[in-house]
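All figures in this text were calculated on a predicted structure; none of them were measured in a lab.
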Amino acid sequence: MKIATFNVNGITSRLPRVLEWLEESKPDVACLQELKTSDATFPELAFKAAGYGAVWHGQKGFNGVAVLTRGEAPPVEIRRGLPGDPDDTHSRYLEAQVGDLVVASIYLPNGNPQPGPKFDYKLAWFERLIQHAAELCGRNGPVVLAGDYNVVPTNEVVDIYSAKSWMHDALLQPETRAAWRRLLDQGWTDSILKLHPGEAMYTYWDYFRNRWERNSGLRIDHLLLNASAAAALESAGIDREVRGREKPSDHAPAWVVLNA
DNA sequence: ATGTCGGCAAAATGCCGA
């Protein structure tokens, strides 16, 4: 079973790229982020025609997450939004059941500029994720937390081409990394890192400054596996070529294959 | 501070979020 995550940066303008990628990569489950469209305008029928059922949590203009599944059975929604803050209006978390698998599509706040209220919101949202993830981690069956975490875990080459111009960015701050570490320490496996240590496994290249052409990338899209899913991990990768196409997202899809 | 996008409010650009 192939499970992928893709920050599409606007599903309305990105739809041709996303459909093309689904056709090529054929994930069984696809978690999308940054739909930037409302629930009413999500392109459900286009995905259905491509062979994918969907659940989605949209928002006009920004944010928005979805889970797609290939074939007959659509995903079954478990929850939308994280517990812990009834005043949080952002569409950033969608959890679904796909057969025996529990999967979450996550769009963690960017947090820039830092310091400031947006960074505070990022850290607070992260705490709510950590709280909720603790229950999921101990589940007997497989769980995959997939999405754009807006975290560059380390300054190593696997995570970033160079930290120099990103030192003050919210994605690299010690508080951000400490939260990431606490999440992983619950028992999650960072699947891309596990199978590709030491390689440059970037998933995001800024539109600015020819960052794609220079391969000046960051690893910020992650697929975390609980023990049951980690025991089934067969392979993992990045569909880099998607970033090099016409009118691309600034992210490339990342994926894992679990046996059975 | 800069650069490039997507989407919005509004009717062309200027703003926000990234």
Side-chain angles (χ1 to χ4, degrees), chain A residues 5-21 31-44 46-47 56-66 81 87-94 105-126 129 146-153 159-173 175-177 179-180 202-222 240-254:
Chain A
T5 182
F6 188 12
N7 179 322
V8 300
N9 190 17
I11 192 59
T12 305
S13 58
R14 203 72 59 220
L15 189 58
R17 291 284 85 78
V18 175
L19 293 175
E20 174 183 83
W21 165 71
C31 299
L32 307 183
Q33 301 86 34
E34 274 207 271
L35 301 173
K36 294 187 172 183
T37 203
S38 66
D39 279 338
T41 49
F42 180 83
E44 178 186 15
F47 287 124
W56 60 94
H57 187 198
Q59 187 164 5
K60 189 177 186 177
F62 58 114
N63 304 325
V65 286
D87 295 329
D88 184 7
T89 57
H90 290 204
S91 299
R92 297 181 174 276
Y93 185 88
L94 185 61
S105 182
I106 292 171
Y107 180 44
L108 204 131
N110 173 292
N112 283 304
Q114 169 286 132
K118 291 191 175 178
F119 191 60
D120 297 341
Y121 174 67
K122 174 179 196 154
L123 296 179
W125 201 95
F126 219 144
L129 177 63
D148 177 1
Y149 283 76
N150 274 309
V151 177
V152 177
D159 292 331
I160 189 167
Y161 66 101
S162 162
K164 194 175 163 190
S165 55
W166 294 86
M167 275 181 29
H168 302 292
D169 194 282
L171 280 58
L172 278 74
Q173 291 315 298
E175 298 94 327
T176 305
R177 287 172 165 173
W180 170 254
Y202 309 142
T203 64
Y204 165 85
W205 296 259
D206 206 310
Y207 288 126
F208 298 169
R209 297 179 172 177
N210 296 320
R211 289 240 159 91
W212 166 249
E213 288 77 5
R214 298 158 178 257
N215 193 27
S216 297
L218 314 182
R219 188 172 76 97
I220 60 175
D221 299 271
H222 306 293
R240 278 179 61 100
E241 67 281 3
V242 172
R243 178 62 180 82
R245 292 180 179 160
E246 190 181 348
K247 300 268 287 174
S249 170
D250 41 5
H251 295 248

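Nucleotides B/dC16 and B/dA10 have their P atoms positioned 14 Å apart, rounded to a whole Å. B/dC15 and B/dA1 are spaced 16 Å apart, taking the P atom of each and rounding to whole Å. Rounded to the nearest Å, the gap between the P atom of B/dG7 and that of B/dG3 is 22 Å.
Rounded to an integer number of Å, the gap from CD of A/Q59 to P of B/dG17 is 11 Å. Put simply, CZ on A/F62 is 8 Å from C1' on B/dG17, counting in whole angstrom units. In this structure, the CG atom of A/N150 is 14 Å from the P atom of B/dG17, given to the nearest Å. Between the P atom of B/dA1 and the NE2 atom of A/H168 lies a distance of 12 Å, rounded to the nearest Å. One atom, CG of A/N63, and another, C1' of B/dA18, lie 10 Å apart when rounded to the nearest Å. Rounded to an integer number of Å, the gap from CG of A/D250 to P of B/dG7 is 12 Å. One interatomic measurement links the two molecules: CD1 of A/I11 to C1' of B/dC8, which rounds to 18 Å at whole-angstrom precision. Straight-line distance from the CG atom of A/N112 to the P atom of B/dA1: 13 Å, rounded to whole Å.
By the side-chain contact (heavy atoms from CB on, under 4.5 Å) test, A/Y207 pairs with A/N9, A/R14, A/R243, A/D250, sequence neighbours left out. Remark: A/H57 pairs with no residue by the ring pair (Phe, Tyr, Trp, His ring centres under 6.0 Å) rule, at least two apart or across chains. For A/R209, the side-chain contact (heavy atoms from CB on, under 4.5 Å) test picks out A/R211, with sequence neighbours left out. With sequence neighbours left out, A/T37 forms a side-chain contact (heavy atoms from CB on, under 4.5 Å) with A/I11, A/T12, A/L35, A/T41. Judged as a side-chain contact (heavy atoms from CB on, under 4.5 Å), and not counting sequence neighbours, the contacts of A/N210 are A/E213, A/R214.
For A/S13 and B/dG7, the shortest distance from a side-chain N or O to OP1 or OP2 is below 4.0 Å. An OP1 or OP2 oxygen of B/dG17 is reached within less than 4.0 angstrom by a side-chain nitrogen or oxygen of A/K118. Distances shown here put every side-chain N or O of A/K36 at or beyond 4.0 Å from the OP1 or OP2 atom of B/dC8.
Where A/Y207 and A/S38 meet DNA chain B, the nucleotide closest to each residue was compared, and A/Y207 sits on the side nearer the 5' end. Projected onto DNA chain B by closest heavy-atom contact, A/E34 and A/P248 fall at different nucleotides, the more 5' of which corresponds to A/P248.
Comparing B/dG6, B/dA1, B/dA18 by their closest approach to the side chain of A/R209 singles out B/dA1.
The aromatic rings of A/Y204 and A/H251 are tilted relative to each other, their planes meeting at an angle between 30° and 60°. Relative ring orientation between A/W180 and A/Y149 is described as perpendicular, the plane-to-plane angle rising above 60° on a 0-90° scale split at 30° and 60°.
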What N/O pairs connect the protein and nucleotides 9-11 of chain B at under 3.5 Å? Give each pair on its own line.
none

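Among the protein residues, A/Y204 comes within range of no part of the nucleic acid, since none of its heavy atoms lies under 4.0 Å from any strand. Among the heavy atoms of the strands, none lies under 4.0 Å from A/R214. Residue A/T12 is in sugar-phosphate contact alone, with no base atom involved, counting any heavy-atom pair closer than 4.0 Å across all strands shown.
A donor atom on one side chain and an acceptor atom on the other are found under 3.5 Å apart for A/Y161 and A/W166.
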